[in-house]
Amino acid sequence: MSGKIKKWFSSKKLKQKVRYLFLCIIGIYIILFFFVYVVFLRRNMMDYALENNYKTLISIGNNLNIELGTISSMSQLLMMDNNITSYLKERKEIDIRLSHNAVTSMYDITNSFDYVNSVYLYRFDGEYIHITKEITYVKETVMEEEAWSKDIIEAKGGYVIKINGGGAFRNKSGKPIISMIRIVNDIDTQKPLGILIINLSEDILRDSYRDMEGEDKKYYYCDQSFELVKPKEEAEELLGFVSMDKSFHQTTIGRLGNRRVLSCYPVSDTPLIVIGLEKLSFMQSLPSNTFLLLIALVVITVFSLVLIGVFISVYITTPIERLVQSMDIAKRGWLKRVSLNLPDDEIGNLKDSYNSMLVAINQLINELVEKEKTVQKAELNILQEQIKPHFLYNTLDTIAYLALQESTDRVYDAIETLGNFYRKFLNKGVKEISLRDEVGIVKDYLKLQKLRYEDVFEDEYSLQEDLMDIQVPKLILQPLVENSLYHGVRLKGEKGVIRISAFRKKNKLHIVVYDSGIGMNEEQIRKIMQVNHKNFGFRGTMERIRYYYGVEDVYEIRSVEGRYTEVDLKIPLRRIK
């Protein structure tokens, strides 16, 4: 898959590559920013949700206790009512009138309390009276059990809350009943007279959190045995996370994108536990001004990346593309100057150098036409091979890639090296240059090739300083070095060495080009100077040296197949015209 993507990307033009690259960078940046945003806000969001839930559940518990306190005050009115105390104190056969008066008082006192569903008043002799708004079933056998009345007696007149009266009461509708139970004591003697049971509807629970619920917030009640007061499928799934180890417990449940805070708060003086479930929300925990600031930061960053992309496209890739298109005509053999309006920078200098090169080459070609035909053809082949811009195209593509991936210093160094190479190559059209400059051309050439084949070769130099100012024909080394690279080192498949040596021997200047490439056998060495051989650059170079110095013995090839090739140029120190 990665190979297909690489092949597809490589097939695109430079401008398209820049666009795709910056789209990819912007996408990655937005994704990274999103994850940083999530990680950065996670703790703040969690702290906010936990604190908010804690306060909300305390408020719900307080609301419930306030209502229970109101019901408790009402129960005290019942216990102090004369008709009710008279009914409880009566030890004779129950007088219908006393029962009627007590029931009337119960109606009168509880009539203004909406949550009261029924009131039961028990005497210790088993007699009882009651009032009800809904049909309520009583299971007296439960009330007779010692465990049922134990906590009521221990309350010593205080009220005890039981769900469905601890199993003694059941509403016909199936709705839960919240029973407030307390011992009724004689005001004068403080001796127990009976038991007062006030059954409340579930509305007292629902109303405690009615104004606090929303789409992202839900609340439920359960008792100490984790039995839901009002069963719901969603809430039943949450009971596994409820804990009573602490007075207040919080945890988070769900996965990313559906993360929720579960809070459990035992309501004081009751057997009830409030369960709060709140969905986490970034917007809820993030101040609006901070959110706007983050959005602005994203927009500015994306805009900056786009601006950089436009700058590279306008000032680097587009000029290079236009230059390459204009130079493309050279592939057909038409050496015409490039006439483009380019910025006055390295790319503009490159265009000028290229145009100067074309001018010099055209002049050189015109001069060669008038000279000896044999040498003219050999030299023309060499020069035409050098000026065809495949090397320049590849180098420009490499520089454009560096412009996207590397520092500006390295891009500048590459463009400057390319300019130096062509300036030394042209050298105002002269045919001979110093050995120092000839080696300099090779160094620039190999330096540019290293941009593409960095791990393929190393270049070494062993030069006698007193020989460096000797004049030699221009471009006698570069074709040999190019052959060493393309026909020797590269084909071997491992990192090699290209070494250039210069020394004096028997009144001759020996310039040796050595490469640790694939080498040649004797048959290949014999054919290398044939007219139809692919290394016509080598043949042309040797013919130029022979003509320039007027001698035939100007080179020697030493090679071992699979190990190395060594070309030894033997140039007379005294020029023969």
Side-chain angles (χ1 to χ4, degrees), residues 382 386 391 413 416-418 420-421 423-425 427 432-520 524-525 528 535 537-538 540-542 544-546 548-549 551 553-575:
I382 283 287
Q386 296 304 315
F391 166 72
D413 182 62
E416 185 180 46
T417 302
L418 185 60
N420 289 336
F421 172 74
R423 278 194 294 271
K424 293 175 182 177
F425 170 80
N427 201 14
E432 62 179 24
I433 58 176
S434 67
L435 179 58
R436 189 185 311 277
D437 290 337
E438 182 69 7
V439 173
I441 292 175
V442 171
K443 286 183 176 180
D444 288 338
Y445 172 78
L446 291 178
K447 185 175 181 180
L448 292 172
Q449 290 289 21
K450 278 189 177 181
L451 295 177
R452 298 180 61 203
Y453 310 115
E454 182 175 0
D455 296 324
V456 173
F457 71 95
E458 291 290 339
D459 54 324
E460 300 175 357
Y461 304 89
S462 177
L463 309 168
Q464 289 187 15
E465 182 60 29
D466 59 339
L467 302 176
M468 298 304 291
D469 293 326
I470 294 177
Q471 298 292 304
V472 295
K474 185 172 64 177
L475 293 179
I476 60 172
L477 292 181
Q478 192 274 339
L480 304 183
V481 171
E482 183 175 349
N483 284 340
S484 295
L485 175 61
Y486 285 99
H487 302 299
V489 173
R490 280 190 60 198
L491 298 181
K492 195 171 185 180
E494 62 184 36
K495 191 167 185 178
V497 175
I498 297 176
R499 183 186 305 115
I500 299 176
S501 305
F503 56 92
R504 184 194 306 264
K505 184 178 181 181
K506 295 182 180 180
N507 204 31
K508 285 188 178 182
L509 170 63
H510 288 258
I511 306 175
V512 180
V513 178
Y514 167 90
D515 70 80
S516 60
I518 60 173
M520 295 183 291
Q524 291 173 319
I525 295 174
I528 198 170
N535 288 316
F538 177 87
T541 300
M542 296 305 111
R544 288 175 56 225
I545 296 174
R546 284 171 173 171
Y548 192 81
Y549 290 100
V551 294
D553 184 20
V554 295
Y555 77 96
E556 182 180 354
I557 299 177
R558 296 180 291 273
S559 181
V560 175
E561 191 172 12
R563 293 181 58 188
Y564 74 92
T565 298
E566 194 175 68
V567 179
D568 186 357
L569 297 181
K570 297 181 288 185
I571 298 175
L573 289 176
R574 181 180 60 85
R575 177 176 175 180

Worksheet item: Would you call Glu458 and Arg499 a salt bridge, using N to O less than 4.0 angstrom?
Response: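 A salt bridge is absent here (no side-chain N lies under 4.0 Å from a carboxylate O).
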Fill in: salt_bridge(Asp553, Lys570) N-O dist < 4.0 Å
yes
Return yes if some donor-acceptor pair links the side-chain N/O of [X] with the main-chain N/O of [Y] below 3.5 Å, else return no.
X	Y	result
Glu566	Asp515	no
Glu438	Leu477	yes
Arg544	Leu475	yes

Contact check, side chains of [X] and [Y], non-hydrogen atoms, under 4.5 Å:
X	Y	value
Glu482	Tyr445	yes
Thr565	His487	no
Lys508	Lys506	no

What closest approach, in Å, do [X] and [Y] show between heavy atoms, and which atom pair accounts for it?
X	Y	result
Met542	Val554	O-CG2, 4.1 Å
Ser434	Met468	CB-O, 3.7 Å
Val489	Ser516	CG2-N, 4.4 Å
Ile500	Leu463	O-CD2, 3.9 Å
Gln478	Val442	N-CG2, 3.9 Å
Ser559	Ile525	CB-CD1, 4.0 Å

Item to complete: Check whether more than 12 heavy atoms from other residues, nucleotides or ligands sit under 6.0 Å from atom CZ of Arg563, and answer yes or no.
Response: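 12 or below, so no.
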Roughly how far, to the nearest 0.5 Å, is [atom2] of [Y] from [atom1] of [X]?
X	Y	atom1	atom2	value
Lys450	Asp455	NZ	CG	10.5 Å
Asp568	Tyr555	CG	OH	12.0 Å
Ile441	Leu446	CD1	CG	12.0 Å
Asn483	Ile528	CG	CD1	7.0 Å
Ile476	Thr541	CD1	OG1	8.0 Å
Leu485	Leu480	CG	CG	13.0 Å

Item to complete: Please collect all ring-ring contact (aromatic ring centres under 6.0 Å, His included) contacts where either partner lies in residues 458-484, sequence neighbours excluded, each pair once.
Response: none
Discussion item. For Val481 and Asp459: C-alpha separation, side-chain torsions, deciding distance, then whether side-chain contact (heavy atoms from CB on, under 4.5 Å) applies.
Written reply: CA-CA 10 Å; Val481 171; Asp459 54 324; over 6 Å; no
Practice prompt. Using the six-membered ring wherever Trp is involved, compare the ring planes of His510 and Phe503 and label them parallel, tilted or perpendicular (cut-offs 30° and 60°).
Written response: parallel
